[in-house]
Amino acid sequence: MSAAQALFPRQTSFTPDPSLSKGEQVLQLIANPFQASLQTGAFWASLGTSLGLSAGLALLFCLIRPRNNVVYAPRLKNADKDHAPPPLGKGLFSWVAPVRKASEPYLVEKIGMDAVVFLRFTRMLRNMFLVLGIIGIVVMIPVNVTQGNKAITHGLNAFAIMTPLFIFGGGLWAQVVVAWLIDVVVIYFLWHNYRRIHHLRRVYLESPEYQRSLHARTILIRDIPTNLRSNEGIARITDDVNPTGTVPKTTVGRNVKVLPELLEEHEEAVRELESILAKYLKNPDRLPPTRPMIKAPSKYRGQTTNGKVDAIEYLTDRIRSLEMEINDIRERVDNRDAMSYGFASWEQVSEAHTVAFQARNKRPHGTKIRLAPRPNDLIWDNLKLSRASRKSKRIMNGIWIAVLTIIWTPINAGIAIFLSNLSNLGLVWPAFKTQLEAHHTGWSIVQGIAAPAITSLVYLLLPSIFRRLQVRAGDVTKTDRERHVFRNLYAFFTLNNLIVFSIFSAVWQYVTIVIQYNKQSNDLWTALRQGQFFLVITTTLCQISPFWVTWILQRTLGAATDLAQLWQLTYTWFARTFLAPTPRQNIEWTAPPSFDYASYYNYFLFYTTVALCYSTLQPIVLVVTALYFVIDAFLKKYLLMYVFVTKTESGGQFWTTMFNRIIFATILSNVVIGVVVKARGEWTLVAAIAPLLVIMLAFKWYCMKTFDLDLKYYSRGGMHDQERLAADAKPREPEKVSSKFGHPALYQPLMTPMVHAKAKHVLAEIYRGRLQSDGGQSMAFSDIAMQPMAQPSKPAQDVPFEFVPEAQQDFQFYKNREDFREDAGDMLSSSRSQTPASSFVGQKDSSPSSSRDTSPAPQVIAQHQTHIHRKEFDQSNVPSQFRHGPAAPFDGTASGGLGPRHGPYTDPYDDRTNLLGSAGDVRTPNGEFMSLDRWRTPGVSRDGSEADGYRDVTPGEELNTNYDYFRGRR
């Protein structure tokens, strides 16, 4: 029996040609015709399913999009006029033209910098792989096909022939030439887009909205020593790195103790109560015979029935006690000790950026100084961590990632060795090999679909795992967390899914050959041991290359699934049909979903890395990757324009992280090409590729020195012209930094349990005789919006629920509410929403639209824009040192006199907006709506004339927002 028959007794019927060298004999025997045929069938199965299902999903999207704007155009429904995308027609393909015509400057205003940078990144990859695909078709494939050894390639399929596996001699120089061409193409596209990103970033930094925002003029100081933890101490710290000579306004962080945990527990209790009530009151006219019960917590000391308590009663009491505890801590927070972080703000953006630039490589008094992010971008719990604590947490984070990698390695090895190449499984499982040969077509389909699908499904949980790890590692902003999640995901994917995957396949192939051939021919074993290791690695990489082609093909199906929003449609339909969702859940489901930049960037960069590494091993992968980016670049543009929102705008800070990963991917591809040419040639070919590594590193250094500082800092010294003009034209209004950069636990309004309006009468009966009013002075649910006003004829009933009609369980009515604002993202959170005419038990139905209405009255929608908990304005519940100072005159020029300003870079914490600035119209104590003008006190209006007996609050005068104060004005 020949050596070939020993290795593949049923798969081959030929013996090695004795005229060939030992290495060529090994190559001939490794080229398994049966395996190649299996891979060909897998490719066509993957191509058919991916393109067929993608086309079907795209057609489904075109059919149902015009009738379902809640899912397919939530941005169009919820954005204000400054951020709303172009309207869409009802035709099947009417969505194509608005997406195609949208220019980059237009999109910056509509969807923000982060989304525009992402779209530019996808277009860069599309154009880059279109050029590389042409190089692969014109240069690489013809060379591999024509220069291959005909004695070995005879009878093999196209996938095997297109590889460089059978090229000897001078044909290998084509690999070197293509390696240089790839690097030149990558460098050009990176350089061109780096300049464009630099321009966009400078426009962003110079925009009026950024210039007016408080965070742009503020720096964050951490690791403040104990003796400098005061406002004066922060000023002393900044003096060491402040060349401007201007004294900043400062504020030091305060210890809020367990307040964030209590707020989180309060929210969980409210949501649990809402869920229980939604199930119990699903059919209000046919209530279940027994009230809902839950297991009593271990610390519960009240009466129980078989270890359970009445769920509604327990949760209501628990919410009440939590609110009392929260209010008590908020009142006493002034006595808490100062923390190790603080903020300093200047009058001009250039001053803050100059100080941050001067302090970038310094630690004045042992502190760390950086530009302050938006307040909603901060992870407040991590600001208080010490330097040593952050270091230990980063070490533990690295250990956990290493453990996760070790756990995943054997699973990945099994997929790499057996699932991606079922012929290998047949080598160790004779019974399966018989089935594999008998049902060749069926197993081809399994190999083409199952392996890529399982590989993709396993990674769905990784982003959430890495986010938790990064928060535990001490990241202080959500933007930093997302960038680190992206970095860790890419490292994990590249190491496990590409390098380890390929190494295990190569090692398996190498060990199999050595064991089998050592039994038959010691000469062949000697040849393998002495010089054929690179050949076996190259051969294995070529053999598994069709797997990556089919895997990228299946990504087109993922792009179509994103467009069709299948998960969102399926989940919400199932929940609304078979479950009992709460009004809050119904509202949240209609909110625009946030775009997961970390995951999408990781996927796109991983596809890029795979395509570059296999660019010469299987040139068709360049064409398949180009096809994917041509499709997805357009689809993602639609999704970012009409569906997704950016939850936390970073101003395009992902770019440098992406740039560095593409440099790494290009260098890795050069290493792979070096291994290929060494396997078939001499070290001279490797030496011709080596300079590319130095060139790529030098290019990275050039871009870093040329662009990076301008991307980060608006100014590194001196005041810009537009700042001088602004300073001369109008002095900046006074502001209090502590109120803008105070811990949100001090101001966050408490959630009100929401109940469907159809259960209003039933809920009143449930609570009759158990939650009685104490004359309007009860501390239970102290939020003013939950404290109904007593009517003259009868005392108010203290039942703290908000009733929401069916027609108003939509995010557009609640997007400006504090408890929903986070779902809106930065580009929508500043827009005013229509106000639902929700009501509270015990409150007279004096609102223009009662709970029985199916839709809010048009005149009410036009007049009353926002409904916010009155507690937002009750500063008696806020510690005195964190209350707003003298109220500045309300400037409504940017938005018609009501609400906050709008713009492509709107900051919800803009320095010209006080707590009332985002309120719009609110309810009076008797349930009626009143505009901001009704909050004026008697006197003179802002233009100096009498205005309905009310006047504006003058500077230096504290605005009285006490609840009894407004009761007395009735």
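None of the values given here were measured: they were computed from a predicted structure. For this chain, numbers begin at 1 and follow the sequence in order.
Scanning for side chain to side chain donor-acceptor pair (under 3.5 Å) contacts around Y597 gives T646, with sequence neighbours left out. Listed by chain and residue number, W573, F574 satisfy the ring pair (Phe, Tyr, Trp, His ring centres under 6.0 Å) test with F578 (two or more places apart in sequence, or in another chain). When the side chain to side chain donor-acceptor pair (under 3.5 Å) test is applied to T590, no partner is found at least two apart in sequence or on another chain. Under the side chain to side chain donor-acceptor pair (under 3.5 Å) criterion, T477 pairs with D480, not counting sequence neighbours. E274 meets the side chain to side chain donor-acceptor pair (under 3.5 Å) test with R584; sequence neighbours excluded.
Using a 4.0 Å cut-off between charged nitrogen and carboxylate oxygen, R817 and E802 count as a salt-bridge pair. Checked for salt-bridge contact, R467 and E482 meet the test: a charged N lies under 4.0 Å from a carboxylate O.
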Handout entry: Stepwise side chain to side chain contact (heavy atoms under 4.5 Å, CB included) check, H756 with Q809
Key = CA-CA 9 Å; H756 200 292; Q809 294 183 21; 2.9 Å; yes
Problem - Derivation and outcome, side chain to side chain contact (heavy atoms under 4.5 Å, CB included), residues V70 and K77 - result: CA-CA 7 Å; V70 174; K77 183 178 181 181; 3.5 Å; yes
Exercise for the section: In sequence, state the C-alpha distance, the side-chain angles, and the governing distance for F811 and W589, and then conclude on ring pair (Phe, Tyr, Trp, His ring centres under 6.0 Å). Expected result: CA-CA 8 Å; F811 182 73; W589 287 339; over 10 Å; no
Problem - Check against salt bridge (Lys or Arg N to Asp or Glu O under 4.0 Å), R271 and E267 - result: CA-CA 6 Å; R271 289 183 179 274; E267 180 178 347; 3.2 Å; yes
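Around the CH2 atom of W400, the shell of radius 6.0 Å holds no more than 12 heavy atoms that belong to other residues, nucleotides or ligands. Atom CZ of R387 has 12 or fewer heavy atoms from other residues, nucleotides or ligands within 6.0 Å. Residue R576 qualifies as enclosed at atom CZ: its count of foreign heavy atoms under 6.0 Å is above 12.
Between V256 and I329 the shortest side-chain heavy-atom distance does not fall below 4.5 Å. You'll find the side chain of L385 stays beyond 4.5 Å of the side chain of R222, heavy atoms only.
Within the structure, the ring pair (Phe, Tyr, Trp, His ring centres under 6.0 Å) test picks out the following pairs touching residues 297-330 (sequence neighbours left out): Y300-Y314.
Between the side chain of N382 and the backbone N or O of V471, at least one donor-acceptor pair lies under 3.5 Å.
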